[in-house]
Structures are given as C-alpha cells and as structure tokens.
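For reference, the structure is listed below as structure tokens.
Residue numbers begin at 1 in each chain, while the letters A, B, ... track the order of the sequences.
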Number of protein chains: 2
Amino acid sequence: MTESSAAVRNTRQRSAVSALLGEMEGFHSAQDLHAMLRQRGERVGLTTVYRTLQGLADAGEIDVMRPPGGEHLYRRCSEGHHHHLVCRVCGRTVEVAGPAVESWADRVAAQHGYADVSHTLEIFGTCPTCVR
Amino acid sequence: MTESSAAVRNTRQRSAVSALLGEMEGFHSAQDLHAMLRQRGERVGLTTVYRTLQGLADAGEIDVMRPPGGEHLYRRCSEGHHHHLVCRVCGRTVEVAGPAVESWADRVAAQHGYADVSHTLEIFGTCPTCVR
DNA sequence: GCGTTTTTGACAATCATTATCGTTGCCACG
DNA sequence: CGTGGCAACGATAATGATTGTCAAAAACGC
C-alpha cells in the first residue's frame with residue numbers, strides 16, 4: 001500500500017474481452033461473451049468475464065442494459081452519453097442521442113434538490129422488419 | 001370453454017395485496033409486501049404475491065421499477081404515464097412527468113420505423129437530505 | 001531475476017423469481 | 001341450495017444469473 005499506482009494490470013484475459021467487444025455488434029450477455037471466448041480457444045473464467053465487464057462499465061468504456069428479461073447485456077458503444085432503441089422481437093438496436101432528455105432529467109432532478117444525477121432510459125418497440 | 005368471460009376471479013388474496021399497495025407509500029419489493037401481509041395476519045403465499053403483482057403491473061395499476069440493486073420494486077402510483085426520481089441513498093422517490101420526453105421517445109422510435117413503442121426511464125440522484 | 005500485489009478461476013453461495021402440481025375456493029348454472 | 005368446472009392458491013423445488021471465496025498464477029517495478 002506504500003505504492004500509489006493505479007494498479008490496473010494489463011492481462012491477456014482483459015485484452016481478450018476488450019477485443020471481443022470491439023468486434024461485436026449489438027448486445028451480449030456476460031455468459032454469451034464467455035462462451036464466445038471459449039470457442040475462440042481463449043481460456044477465460046466466467047468470473048473474470050464478469051469482473052472485466054464490470055470494470056469496463058465502471059470506466060465508461062462499455063454500456064450496460066438491463067432488459068426486462070433479466071440478464072445484463074453489455075456492449076461497446078460510442079463515447080458520449082446516449083440511449084438505445086431496441087426491437088423487442090429481434091433485438092436490433094439503434095443508438096439514439098437525446099440532448100433534450102439529458103438536460104430535462106438534470107433540470108428536474110435539480111428542481112427537487114437532487115445531486116449527483118444519473119439516469120437510465122431505454123425505448124422498446126417493434127422494428128420495421130418484424131412488424132410485417 | 002363455452003364461456004367467454006374474463007376469468008379474473010375476485011379473491012381474498014388479490015384484495016389484500018391491492019389494499020396493501022393502496023396504503024403504502026414508496027416502493028416495496030414483492031418479498032417486502034409478502035412479509036407485511038404476514039404481519040397483518042393475512043395468509044398469502046409468496047407465489048401469489050408475485051402473481052398478483054405481475055397481474056396488476058400488466059393491468060397498469062401499479063408501477064414496476066428495476067433498480068441496479070437487482071430486485072423488482074412495485075408501487076401503486078398515479079394513473080398517467082410518468083417516471084421516478086429516486087434517491088440512491090435513502091430511496092426517497094419523487095414522481096415526475098415529462099411530456100416532452102414521451103413525445104421525444106415516440107418521435108425517435110417512429111423515425112426509425114419502430115412501432116408499438118414503450119420506454120423506461122429512471123433518474124437517480126442523491127436527495128437534499130442525504131447530500132448533507 | 002525477485003518479491004510483492006493484483007488477478008485469475010473453479011466452485012460454492014446467494015437470492016429473487018418462476019415452474020410445478022395437488023388442493024382450495026369462487027362462480028354459474030341447474 | 002347444491003354441485004361441477006375451472007381458475008387461483010400455495011408450499012416447495014428448480015432455475016439461473018450474479019457475487020463471494022481463496023489458493024495459485026501472472027504481471028509489474030526495481
């Protein structure tokens with residue numbers, strides 16, 4: 001503890017998870033990602049996948065979504081803050097940005113005296129393909 | 001089967017859950033509600049509480065929230081569509097309405113051709129009391 | 001290279017929710 | 001008023017994702 005370094009080490013497993021997310025489109029569950037890494041021959045423990053995903057999520061490098069289905073879905077996505085429009089049939093996802101919503105949320109929270117504000121917003125619908 | 005009635009029967013348990021929700025403020029988990037019913041002497045099974053809550057949620061009579069913590073929280077709340085501003089420390093909740101957000105979500109979804117649109121929005125912050 | 005410290009990973013534990021399935025009670029009709 | 005059908009109930013077991021544990025392995029700084 002005499003050290004003050006960041007203490008984030010660069011490991012093979014972390015790179016593998018990060019790389020995989022870089023190639024993937026759409027959302028995947030932790031267990032999905034774990035299975036994919038296995039298929040690739042990467043030897044990574046499920047626990048580590050969870051930990052790595054949490055770390056990345058904390059660092060803001062990936063996005064987490066909690067669909068009604070229950071399991072958490074992770075995805076590497078563009079930097080800024082944004083939300084998702086998800087097809088409830090096929091799962092196709094569109095990233096949407098809503099500056100108006102952001103400011104509205106902050107304003108409302110401030111009106112009630114709430115500080116350190118964050119929010120989650122997800123839009124569900126049926127995409128054009130699945131409607132037909 | 002010759003009948004076409006709605007087949008929603010009026011049971012003691014359903015009334016109990018509904019009544020309890022009517023008296024409660026704030027959000028409570030299914031298990032909380034179950035425990036409270038027990039304390040009152042109402043004999044209701046946990047399974048039934050879950051089923052009833054789901055039914056009420058489907059009917060739009062109560063609101064469901066899925067905080068990052070994991071468990072679902074239920075609350076009887078005002079009729080119209082609205083969202084919640086929740087203190088992440090003490091859990092105090094404020095109902096907020098955002099017509100602008102509603103229309104924005106619908107508009108964005110429509111732009112991408114999505115139909116049958118719904119959305120979830122929750123705002124988290126630290127309430128004035130907990131800030132100090 | 002060496003020691004320290006983080007990280008890993010197999011497994012068990014947790015915990016809310018859901019399924020099962022025999023029993024109970026509501027409701028309608030005779 | 002009695003009865004039969006059918007939905008609801010409820011105790012328990014099952015599910016399944018996530019988190020905790022802890023010894024062993026690996027990475028980083030020197």
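In this model, no side-chain donor or acceptor of A:Arg51 finds a partner on the base of D:dG20 within 3.5 Å. For A:Arg9 against C:dT5, a side-chain N or O and a base N or O form a donor-acceptor pair under 3.5 Å. Side chain A:Thr47 to base C:dA10: a donor-acceptor pair is found below 3.5 Å.
Within the structure, a side-chain polar atom (N or O) of A:Gln13 is placed less than 4.0 Å from OP1 or OP2 of C:dG9. The phosphate of D:dT19 (OP1 or OP2) has a side-chain N or O of A:Gln54 nearer than 4.0 angstrom.
Between A:Glu71 atom CD and C:dT18 atom C1' there is a gap of 15 Å when expressed in whole angstrom units. Atom CZ of B:Arg66 is separated from atom P of C:dC15 by 18 Å (rounded to the nearest Å). In this structure, A:Leu73 atom CG and D:dT18 atom P are separated by 9 Å, rounded to whole Å. The interatomic distance linking A:Leu46 (CG) with D:dT18 (P) rounds to 9 Å, in whole Å. The separation between A:Asp32 atom CG and D:dG16 atom P is 14 Å, rounded to whole Å. Note: CE (B:Met65) to C1' (C:dT17) measures 17 Å, nearest angstrom. We find that CG of B:Leu37 is positioned 13 Å from P of D:dA11, with the value rounded to whole Å. In this structure, B:Leu53 places its CG atom 14 Å from P of C:dA16, rounding to the nearest Å.
Ring pair B:Tyr74/B:His72 is tilted by interplanar angle, where 30° to 60° counts as tilted.
With distances taken from any side-chain atom of B:Tyr50 to the nucleotides C:dC27, C:dA16, D:dT19, the minimum falls on C:dA16. With D:dA17, C:dT8, D:dG10 as the choices, the nucleotide that has an atom nearest any side-chain atom of A:Gln31 turns out to be D:dA17. Considering only the side chain of A:His72, D:dT18 comes nearest among D:dA11, D:dT18, C:dA16.
For the residue pair B:Arg92 and B:Thr129, a side-chain donor N or O sits within less than 3.5 Å of a side-chain acceptor on the partner.
Contacts of B:Thr11 with the nucleic acid, taken as non-hydrogen atoms under 4.0 Å apart, involve only primed sugar atoms and P, OP1 or OP2.
A salt bridge is defined here as a Lys NZ or Arg NE, NH1 or NH2 lying under 4.0 Å from an Asp or Glu carboxylate O, and B:Glu122 with A:Arg66 fails to meet this definition.
Side chain of B:His34 to backbone of B:Val44: a donor-acceptor contact under 3.5 angstrom is found.
When the nearest nucleotides of DNA chain C are assigned to A:Arg12 and B:Ser29 by heavy-atom distance, the more 5′-ward of the two goes with A:Arg12.
Shown here is B:Arg76, whose CZ atom has no more than 12 heavy atoms of other residues, nucleotides or ligands within 6.0 Å.
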